[in-house]
Structure formats: C-alpha cells, structure tokens
Amino acid sequence: MTARFQIKGKTLSQVRPGTWRLEPLGKMRVGVELVGSQQMLATLNEDKSLEQAMNVASLPGVLDPVVTLPDIHQGYGFPIGGVAAFHPRTGVVSPGGVGYDINCGVRLLRTPMERAQLQRPKVLKELAAKLFQRVPCGVGSKRSDLRLSSSDLDEILSEGIGWAIRNGYASNEDRLHTEEQGQIQGANPDHLSERSKERGSYQLGTLGSGNHFLEVQYVESIYDPDAARCFGLTENQVVLTIHTGSRGLGYQVCSDYLEESFETAKREGIELPDRELAAAPLTSSTGKNYLSAMAGAANFAFVNRQIITHWVRRVFQENFEAKDINLIYDVCHNIAKFEEIQRPGGMTRVCIHRKGATRAYPANHPGTPPAYREVGQPILVPGDMGRCSYVLAGGPNALAYTWGSSCHGAGRLLSRSQAKKRGRGRSIGKELESQGIIVRAAGQTTLLEEMPEAYKDVSEVVHACEVANLCRRVAKLRPIVVVKG
Amino acid sequence: MSHKADTGFRLEAPSLQRLYINAALALTDLRVPLDIIKDGDKKTVKVTGEDKESLMVKWLNEILFLFEKEKFLCRRVVFEKFDGKQIEASLWGETYDHIRHGTISEIKAVTYHQLSLGQTDGPDFQFFARIFLDL
C-alpha cells in the first residue's frame, strides 16, 4: 500500500524512498514532488512554502514535477529549496525563481595543512584577524585595493573567471573546477542597468553580511574514501569554505527585471498568484534580456568568490607558507539556466530554476569536471557555524527525478527575530569559542541571527537527500574559524 | 512581522503621502533608531512607479540605495511632489557612523512578497501598508 499523509489538508503520496508527490490541484499544471522524511515535511504546516511550490506549478510551460528539497522553507514567490524546469518554447523565466542574490553559491578550497598546525588558540585568533582584515565584510564594505574600469566590469560580466585568469586572480584549474567553468553563456552587459553596474563596481571581492561567511574548517570524517581521494580530501586536513554571491549588482538586476517581468506578464495574460513570481516567456525579449543580465550577475558572483579566494591564498601564504590552496569546486545555488536533461523520449534542453538548490551531476556526466568524472560532481552543503558542513557527490536519482539537483544547506528553523530573542543576554562568540571555534564578525546582531540553533540540523537534510539517492556523503567538515559580515 | 528567512513591518498613516514617508522612516529605524540620527545633510530623490505598490517598492529601494552608496541615513522626509505614481522628495539625515550608530545588518531589497497597501476602516489612520524585506 502506498504511504500517504496530509499537509494543510492536501494529500502527499510516497512515490519513491524519501519522496512524496502532490498531484495537480486547482490551477496547478503539474505535480509537486517533495524530498524529505514525513517528520521533516510536517514543518510545512507552519509556513507558506507548500503554497509557494503549488504556485510555481501553475506557471505556463512548467514541466512535471516542481521539486522541493529537504531544506525547503518559505521564500519570496518561489520556496527556498525549490527546483522548477520550464519548456524552452512554452515556458517562462522568473527573476523571483532565482532571487535577489543571483548565483549566491559556495566554494571549497583545500590546503596542504593539518588541523594540528592550527590547534593553538593564539594561532587561530591571529588567522581569524588576518582573514577578517583582508576580506571586507559587513554592510557597505568595499575593497580599497581593487579599482575597476568600466571595461573591466563589462569583461567580468561577459567572461566571468576568464577575466580573473587574465588579471592574475585565478588559474586555469580554478576555471575547470567552477560550475559552468565560471562563465554562464549569453551574458551581455548592455542588458544590465547602469545602477546595477554601479553597485557592482565597488562591491567586488567583498563577502557581504547575513548568512554569508568565510570558514576555516577541518575534515572530521570521510565516508567515501574513493571520492574523497578524487576530491583531494584527507582526514584532519584544513579546508576553506566561502559562501557569498553577486552583492548589490545581483540585487539590482533582480529588482529591475521583477518590474519588467510583471509588466510583460500582464501584457501576455500570465496569471500571477504572487507578484514576486512575476515571470516572462522564455521567448520574449524581457525573458531573454533577463537571462542575459542574470548570466552577467552570475559571472560577477563567480569572480567575487574568486577575488576573495585570491586574498585568502595570500593570507595562507604569508602566515603559513602554504602555497597549494586548490579549488575543489564552486557551485551556484540561486540560478536559472538551460541544461540538457535525460527525460523519457531522449535528451531535453530545459530552463532550470534552482532557488536554494545545488546542481548534482552523477559520475560520467559530461558536465562534471573531468577530474571528478569517475565519482560525480562535488556538492557543497554548508551547515550552521557551530555544527558542520558536508561534501557530497552527485547520485543517480538526481538526473532522473530532481532536474539534476540536491540540497544547498541547512535551512532556517527560527526567523531572525526569534533567534535574536532567544540569544538575548548571550555571547554567541564566547559560546562558540568554548567549543574551539573562533568567530570574527562585523556585528553582534549577525551572530545572534545566525546562531547554530537558528538552523535545522544539516545532517538530517543531507540524510534525507541520501535516502532519495540524489547524492552520497563524501566528507564532513567542522568549523574552526568563522568570519561573518 | 516575522518571516522564516527575513523580516517585515506593517504601518498605518492618516494619508497615502504620510504612509510612504513613514515607510521610509520605518525602514531606516529597523537599522538605526531615528532619534540618534542627526538631520544636517540633504539629498533629493525622484521615483516613479507603475502603480502604488511599485511606487512603494521603488521608493524604499531608493532609500536602501542611498545608504549602500553614500551611507546616508534618512531622518526626515518632505515630499516636494506626490501624485500616487511619482515622488519627488527632499531627505534630511546624516552619514552613517559605525561608532555612534552601531553595526547594522544588510537589507538586500524591499520585495513584493505579500505586499499589501490599502485603506482601513479606522477613523484616524486610514491607510496601511505591509512590507517584507529580503535580508
């Protein structure tokens, strides 16, 4: 007998291990498939994320199914932890389906150092201070050591990591180990407003604030020795994670095209259940121009993470003479792009929106970098700053059922104001220090909002994706230094 | 108002014009209490919107942009022109000072998510707005 349960009076039926399906209801054109345990999905009773996924399932040209991952929570228009694919001729593209922080993403770097070299609190504190000093973070942070001409900015938008290589910020290996090789095709700087470029010109190479971070971590456990060897990971090795996106440039592109898509949707008679879901046909000039501007913002985000990498490498060279700080991988988790997906009837080119979701290609996929083709694409899943993060590898079911996608993080459990209330009178920095984690933050408010208990346990999220066979665990990382905006 | 990943606010005002002005001040107050902002500097702002919702979103995003670009905190607003689709405003305030104003968190954008602007039945405060921010 098929297992079933209800969320907000709607029946979800189990279709595969750890995957539940809501058949189309009302205005929905396709079904919604939710990855997660029954217990995890019960949290959907408390917010509007299921309604948001159903709204996405009602957009024109949407393909069956709309997918949600176990880190699902309420977003704007689209739920965070949501994936939707659209037909190239009949479908739409939605700026809200990518979000304000276009190509917010994560990159993981490996170092030749061992945890034992960083055990003394004095060494850790000095390292935290150096990173905090060299990587601008917090509201309104700027890089004073990087001056961009308008042609530089246009080249960054068009070429992404290619610009960084030419200007000494990246190696060719960095390019090969970045999703889409650090350049999403089709970017045209003419499709970005002057204001978005202005906001980008002074924010390149900055971390920002909120949930963005730079962490020094060590490899606590290895689950898949072959994949770990392939990714260059060993137990107790020191690694670095950078989580940030396209800064003000991306926020402005989203704002600009939300307005334009809303007008286009009105003209085209597209019914919008939520204005943040404003969408334009993929064949319309608004749709094409948005994808082109979004690709530019995504390329800017790749370069942003690359410039931060450059300065992090400097800090490690100067302080520890550690020269080989290699990029394992860089993934986007807020993006829309055309990908070839194997569907019944052959390969199909579809426009995939990943809003808080990570691409998860399996072994032998042409989109997986050659160095990792035997084991699958690395998937980077940061947790909260007190517990752990995971490195996963793409599994077989992602391409078959979730548009080649897996989870992107822990997902919030408490709202920011709930977290601040719970943290009143506490020093999160001291609490973390007592666990051996040194934190440097631009402000105390961010630390309260980002306290570990504000997040779901990332281990449960990862486990739920494994049950659905979207990925498999390769390694678990523990933080030792956290830099927050 | 609380939203899992973000935050928002609801306000009421005696006129539509006052609603837009108060929304700008509420947005500033979320980051720095208004009573510790001086009002010695002046900026001018011009915004147009397709309808009252888009005018609100664009107006507030302009306030955010002035902060991001020039670190300008707005303490007082005077509308030189307002017709429901266009705002021309003079803003008085000062430049953000980390020491005096404290650290603040980033607001990525003002959103259309569950945005609601309208009239109430109340005798004094006839206009209301509910606004969510992406943090």
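Within every chain, numbering begins at 1; the chains are lettered A, B, ... in the order of the sequence lines, protein sequences first and strands thereafter.
More than 12 heavy atoms of other residues, nucleotides or ligands shown are found within 6.0 angstrom of NZ on A:K266.
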Taking it one step at a time, do A:R247 and B:E68 satisfy salt bridge (Lys or Arg N to Asp or Glu O under 4.0 Å)?
CA-CA 11 Å; A:R247 314 286 290 110; B:E68 184 187 287; over 6 Å; no
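For B:E50, the part sitting under 4.5 Å from any heavy atom of chain A is the side chain, from C-beta outward, and nothing else. Both the backbone and the side chain of B:K108 come within less than 4.5 Å of a heavy atom of chain A. The contact between A:Q444 and chain B is made entirely by backbone atoms, counting heavy-atom distances below 4.5 Å. Both the backbone and the side chain of A:R199 come within contact range of chain B, with heavy atoms under 4.5 Å apart. Contact annotation for B:F67: only side-chain heavy atoms (C-beta onward) come within less than 4.5 Å of a heavy atom of chain A.
Among all heavy-atom pairs drawn from A:A442 and B:T103, the shortest one is O-CG2, 2.9 Å.
By the 4.5 Å heavy-atom criterion applied to side chains, B:T7 and A:R416 are not counted as neighbours. No side-chain heavy atom of B:I107 sits under 4.5 Å from any side-chain heavy atom of A:Y251. Contact check for A:E259 versus B:Y112: side-chain heavy atoms found under the 4.5 Å cut-off. Looking at A:R195 and B:K69, their side chains never come closer than 4.5 Å, going by heavy atoms from C-beta outward. Counting heavy atoms from C-beta outward, B:H113 and A:R275 have side chains that stay 4.5 Å or more apart.
Relative ring orientation between A:Y76 and B:F132 is described as tilted, the plane-to-plane angle lying within the 30° to 60° band.
Across B:H98, B:E62, B:E53, B:R31, the residue that shares the most heavy-atom pairs under 4.5 angstrom with chain A is B:E62.
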